[in-house]
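Notes for the one structure printed next.
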Amino acid sequence: MEHGAFGDQSNATFSLTEEDHTLANAVRCTLNQDPRVTFCGYSIPHPSDARVNIRVQTTGDPAREVLKDSCQELMLMCRHVRSTFAKAVDDFRTSEKVQAMKIDSKE
Amino acid sequence: MAEREETEKKKEAESFSIWDLPDVPQKLPPHIEFQRTRVQCNLDAPIHTENVMYSGAYASMGVDNSLQLDHFCNNFRVEVIRLTKDDMEFDLIGIDAAIANAFRRILIAELPTMAIEKVLIANNTSVIQDEVLAHRLGLIPIIVDPRLFEYMSENDTSNEKNTIVFKLHVLCERGGPRLTVKTNELKWLPNGSELPLETKPDSNPSSKPRTYTSFSSSQDLLPEFSNNPIRPMLDITIARLGPGQEIELEAHAVKGIGKTHAKWSPVATAWYRMLPEIVLLEDVEDEDAEKLVKTCPVNVFDIEDIGSGKKRATVARPRACTLCRECLRCGEEWEKRVSIRRVKDHFIFTIESTGALSPETLFTEAVKILEDKCERVITELS
């Protein structure tokens, strides 16, 4: 849900339901690092409602597009994290096996 | 004419500056770089704790602080320190605190597991009250992959795809010793519930009596369970019975997430800390060095000999530092000699699993859930 002025697409508040600090802080972090953004922040109106308001103000681009791009970047970062993690676990497992074999061969 | 061309070329050569190149990583002065990347832990409180994320934060110096995905992909590293069946410790280097915290929150509250939700008690003559017994049964971890099951909403009937049924029937004999009821006594019923529902007497007497669950096929026909029965975590005490006391009940387990109730949390706990960095600002020698090494409770410092009988303190194991700040309280003016810092983008994650899923699977699933959340937002916005 987007609340913004009719004519001005660059400043808007997005109200997301069923979300909390988990997603909102991560999205705010990637939004902040986008050079098109002049202001961004999030607030939780009441802790008992699962609702988050994300405010985005940009230098001219429509706020909706900027938010979508940030979410897309966050998704790509997550994918990269997953693949790097899987590789690190595999490397650790193979290095453990090599060490175990070395100990066996020494004995 | 040739002269003008030459001067034009010279002007172009002069007006071209290194700021114009699109992705040259600019350098900040060292004290600003320190503020940006390290938390300084002073004796009373830490400073520089905020993350400077705004893309234009250093615009006045001509440094671009914005996030470049390639920069992240090149600098991000994962190092696994310890990996066992139940817990793991690994380092995430180059990631922001907000995203590390998002992973931690998802690990604790939003990964699904199976846990006992409904308990049908046929007989309970023990000293443990019904509700206390049911509460304890709910907290028992169930060793099964929750991805093989579906969520059950209020309108659904219990079937083999969303429920696991356990039975517990224990009797302590009169004249015998006291009995400790452990989770080993919980028997898995792959065919569903055995307690019959009360049906009207005029219904067909030869048909199978309806029970509290409607399993259309047996769960142990599934390949995952055929040689590998579903069981709860073993050796957890449920109750203690005196002579003549009996417990007979049936427990139904369903899928849920930790947000609804902590029994559905798949981790015993998951936490992270930032990598400590200890720097000796001045040389600490001889008696002071001995004093420093003795004060640290986790042996971060070590003595090295630098010849001619003189000793010097060095930092041997900064990773073990627990931030107790005893080295700063060693004596007067020690704050000027030892600097305790934390690296802002290096997180030491520890995940302890309860047993249902292995810790590396838990982390991978948590990252997938964050991706799904982002996708949901993107589709809502489109």
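Just so it is clear, the values below take in all heavy atoms, side chains as well, and ignore hydrogens, waters and symmetry mates. Proteins come first, then strands; the chains are lettered A, B, ... in the order of their sequence lines, and each starts at number 1.
For Glu110(B), the part lying under 4.5 angstrom from a heavy atom of chain A is the side chain only. Of the two parts of Arg104(B), neither the backbone nor the side chain holds a non-hydrogen atom closer than 4.5 Å to a non-hydrogen atom of chain A. With a 4.5 Å cut-off on non-hydrogen atoms, Ile95(B) touches chain A through its side chain but not through its backbone. The contact between Arg93(A) and chain B is made entirely by side chain atoms (from C-beta outward), counting heavy-atom distances below 4.5 Å. Only the backbone of Val37(A) comes within less than 4.5 Å of a heavy atom in chain B; its side chain stays farther off. With a 4.5 angstrom heavy-atom cutoff, Val377(B) touches chain A only via side-chain atoms. Interface residue Gln72(A): backbone and side-chain heavy atoms are both found under 4.5 Å from chain B.
For the residue pair Asp8(A) / Ser10(A), a side-chain donor-acceptor distance below 3.5 Å is found, with atom types taken as modelled. A side-chain donor from one of Ser15(A) and Arg51(A) sits under 3.5 Å from a side-chain acceptor of the other.
Classified by interplanar angle (parallel below 30°, tilted 30° to 60°, perpendicular above 60°), the ring pair His261(B)/Trp264(B) is perpendicular.
When each of Leu370(B), Thr364(B), Val367(B) is checked for heavy-atom pairs under 4.5 Å with chain A, Val367(B) comes out on top. The most heavy-atom pairs under 4.5 Å with chain A, out of Asp372(B), Leu83(B), Ile106(B), come from Leu83(B). With respect to chain B, the highest number of heavy-atom pairs below 4.5 Å among Cys40(A), Ala26(A), Ala88(A), Cys78(A) belongs to Cys78(A). Between chain B and the options Thr22(A), Leu16(A), Thr38(A), Asp20(A), heavy-atom pairs under 4.5 Å are most frequent for Thr22(A).
Remark: Lys255(B) is not positioned above the aromatic ring of Phe149(B), lacking an NZ or CZ atom under 6.0 angstrom from the ring centre and at most 45 degrees off the axis.
The shortest distance between side-chain heavy atoms of Leu357(B) and Arg147(B) falls below 4.5 Å.
Electrostatic pairing of Asp156(B) and Lys161(B) does not count as a salt bridge here, judged by no charged N lying under 4.0 Å from a carboxylate O.
Nearest heavy atoms, Ile351(B) versus Leu362(B): CG2-CD1, 4.4 Å.
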After noting the C-alpha distance and the side-chain angles of Phe92(A) and Phe90(B), does the key distance pass the ring-ring contact (aromatic ring centres under 6.0 Å, His included) rule? CA-CA 10 Å; Phe92(A) 182 76; Phe90(B) 61 98; over 10 Å; no
